[in-house]
J.: 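Below you will find the structure I want to go over with you.
Being a predicted model, the structure only gives us computed values, none of them experimental. Note on naming: letters A, B, ... go to the chains in the order of the sequence lines (proteins, then strands), and numbering restarts at 1 for each one.
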There are 2 protein chains.
Amino acid sequence: MAEIETSSTETAAAGTVIGASVPLTGVRSAKKLATRQTLLDAALRLMEQQSLSSLGLREVTREAGIAPAAFYRHFADLGELGVALVEESLGSMHELIRDIRTPDAETEDVMRRTVDVVVAHVRANVPHFRFVARERHGGVAAVRAAIAAQLDTFIDELVEDLKLQPESEGWDSQELRVLARLYVNVIMLTVADLLDSGLENPLEEARIVAEALTQLRLVTVGRLHWPTDRP
Amino acid sequence: MAEIETSSTETAAAGTVIGASVPLTGVRSAKKLATRQTLLDAALRLMEQQSLSSLGLREVTREAGIAPAAFYRHFADLGELGVALVEESLGSMHELIRDIRTPDAETEDVMRRTVDVVVAHVRANVPHFRFVARERHGGVAAVRAAIAAQLDTFIDELVEDLKLQPESEGWDSQELRVLARLYVNVIMLTVADLLDSGLENPLEEARIVAEALTQLRLVTVGRLHWPTDRP
DNA sequence: CAAGAGAGCGAACAGTCGTTCACCGAGTGA
DNA sequence: TCACTCGGTGAACGACTGTTCGCTCTCTTG
């Protein structure tokens, strides 16, 4: 349910990807999308223990059960595959979070539900998020840029939400962006913490989730008591 | 002045490093430490554009002007070299920050000075901090653990400081740790932001520094207005 | 001063790598 | 039905990888 759909046309049609050419119907292109997905899955599986830049093209095709030369029918290089994985990993979260943001809810409830949804989504897609956490500051510039762009979109959406709240009186868009970036960063760091020490240890998971909520509340309390009467 | 001293005995004597054997004096071991340092510098230079796990042993020795076989006189593998680099990068910051923490200063002043010192230290040691930012969630487990241990030490020190403040009444050590982790994470993310979009663009740098200060203040205000009258 | 220790070297090892090429055969459109 | 498009194949390419070995030559120790 919360799992990332791995063969959506949305993913395939995104950006200037080499594969996923014009025709969207037919057995031909369906097969192509399938092997493209096989490559993405194989890469993701291998990256549970290593990073994108240490991945080999042959390694990926071997894991996928495909000839090395066939790789080039889908991606120009591994960096391009990485960008596609970013889309697949973070693209699916937008609608997911959009459902949470009921406009008249208490901030406390929104935070709690956001954390719950994110944790569930991470649990259902561990390799995807491990990839994002690892490559956010990783060695491949194109992938870093793609992740930053996705996070910026999340921040934009959060800013729009915050603007609608009465507590935002006296805050301009720039200040709200600073606040939103802090929220998003807290959540991303929580995800990273969960991934490398939390998921199979229920006690640790509870601790990490509780810590995330406390930190989000800390920021929220700071926001509510922010001195808006500045010159 | 703020530059990381690259040939201190402290670094060499740390941990169970293969190189840096027992004798601390003599021309012999001095030469050894020098080439060890050459290896560390070469690796750091190469990692400005790539990550540790994509680094090759021969690549490093070539950059250092040393035969590949000589590498093993100093490190068992590149992961061990990475751990040594973590020590060199973050070990030097402890004393640096210790100087800031004058016990009777205003929180606002402490934050401002901390940010200034960190930014200056980052500017003076760009490759070191790029390495830390990249490998904090990178693909080499030993390096990740070493960085986490160093950050934990920073958090410990910060908790001790916070304990001494009158504003911490009603906070137990666990809660203070949550707060301290948030502070440290904000600073680490600021460092990462500076590194990949700030350092050569003065306007961006100013924006990032200002954002960091705002976020730190946000957390501090939240701390001051935290509801301590919980059951 | 002689014997030993050890840092660094050069060569060789068996693999793996990314990329290219001509070619096959199944799905496609007239 | 027939020509054609195109995803996938297998072989081959030169280059590069981590690791080992015995050797040299300098510093260290008795």
J.: Mind calculating the distance between CD (A:Glu80) and P (C:dT19) to the nearest angstrom?
T.: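 The distance from CD of A:Glu80 to P of C:dT19 comes to 12 Å, rounded to the nearest Å.
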J.: From the options D:dT26, C:dG18, D:dT20, select the nucleotide whose nearest atom is closest to the side chain of A:Leu57.
T.: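 Selected nucleotide: C:dG18.
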J.: Identify which nucleotide among D:dG8, C:dT20, C:dT28 has an atom closest to any side-chain atom of A:Ala70, counting heavy atoms from C-beta outward.
T.: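 Looking only at side-chain atoms, A:Ala70 lies closest to D:dG8.
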J.: Within the supplied structure, the quantity of interest is the number of heavy atoms (other residues, nucleotides, ligands) at a distance under 6.0 Å from B:Gln174 CD; does it exceed 12?
T.: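 Result for CD/B:Gln174: open.
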J.: OP1, OP2 of C:dG4 versus side-chain N and O of B:Arg28: anything below 4.0 Å?
T.: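 So the side chain of B:Arg28 is outside the cut-off, no N or O lying under 4.0 Å from OP1 or OP2 of C:dG4.
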J.: Can you tell me how far P of D:dT17 sits from CZ of B:Phe71, to the nearest Å?
T.: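 The answer, rounded to whole Å, is 13 Å.
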J.: From C:dG10, D:dG18, C:dC21, pick the nucleotide closest to the side chain of B:Ala69?
T.: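 The answer is C:dG10.
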J.: Kindly indicate whether the side chain of A:Arg58 and the base of C:dT19 share any N or O donor-acceptor pair separated by less than 3.5 Å?
T.: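 Flag set: donor-acceptor pair detected.
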J.: Round to the nearest Å and state the distance from A:Glu63 atom CD to C:dC17 atom P.
T.: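 One finds 13 Å between P of C:dC17 and CD of A:Glu63, rounded.
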J.: Determine whether B:His128 and B:His121 make a side-chain contact, defined as any pair of heavy atoms from C-beta on separated by less than 4.5 Å.
T.: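 Side chain of B:His128 against side chain of B:His121, heavy atoms only: no contact under 4.5 Å found.
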J.: Atom CG of A:Leu33 and atom P of C:dG27: how far apart are they, to the nearest Å?
T.: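 From A:Leu33 CG to C:dG27 P: 16 Å.
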J.: Between B:Lys31 and B:Asp77, just flag the one whose closest nucleotide in DNA chain D comes earlier from the 5' side.
T.: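 Upstream on the strand: B:Asp77.
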J.: With the side chain of B:Glu59 defined as its heavy atoms from C-beta on, choose the nearest nucleotide among C:dG25, C:dC9, D:dT17.
T.: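 Within the option list, the nearest is D:dT17.
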J.: Measure from CZ on B:Phe75 to P on C:dG8 and round the result to the nearest Å.
T.: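 Atom-to-atom, B:Phe75 to C:dG8, this comes out as 11 Å.
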J.: Kindly point out which of C:dC9, C:dA7, D:dC27 is positioned nearest to the side chain of B:Lys32?
T.: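 Given the options C:dC9, C:dA7, D:dC27, the side chain of B:Lys32 is closest to C:dA7.
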J.: Go through the side-chain N and O atoms of B:His74 and B:Glu80 and say whether any donor and acceptor fall under 3.5 Å apart.
T.: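 The answer is no; no qualifying pair exists.
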J.: I want to verify a distance call: between D:dT17, C:dG8, D:dG7, whose nearest atom is closest to the A:Thr35 side chain?
T.: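 Shortest atom-to-atom distance from the side chain points to D:dG7.
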J.: So do B:Leu162 and B:Leu158 actually touch side chain to side chain, heavy atoms under 4.5 Å?
T.: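 B:Leu158 vs B:Leu162: side chains touch.
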J.: When you check the phosphate oxygens OP1 and OP2 of D:dT20, does a side-chain N or O of B:Tyr72 lie under 4.0 Å from one of them?
T.: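 No, B:Tyr72 has no side-chain N/O under 4.0 Å of OP1/OP2 on D:dT20.
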J.: Would you kindly give the CG-to-P distance between A:Leu39 and C:dG18, to the nearest whole Å?
T.: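 Value for this atom pair: 13 Å.
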J.: Are B:Glu211 and A:Arg177 ion-paired here, with the side-chain N under 4.0 Å from a carboxylate O?
T.: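 A:Arg177 and B:Glu211: not salt-bridged.
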J.: For the pair made of CD1 in A:Ile66 and P in D:dG10, what is the distance, rounded to whole Å?
T.: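 Going from A:Ile66 (CD1) to D:dG10 (P), I get 12 Å.
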J.: Provide, to the nearest angstrom, the distance between the CZ atom belonging to B:Arg73 and the C1' atom belonging to C:dA7.
T.: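 Distance, rounded to whole Å: 6 Å.
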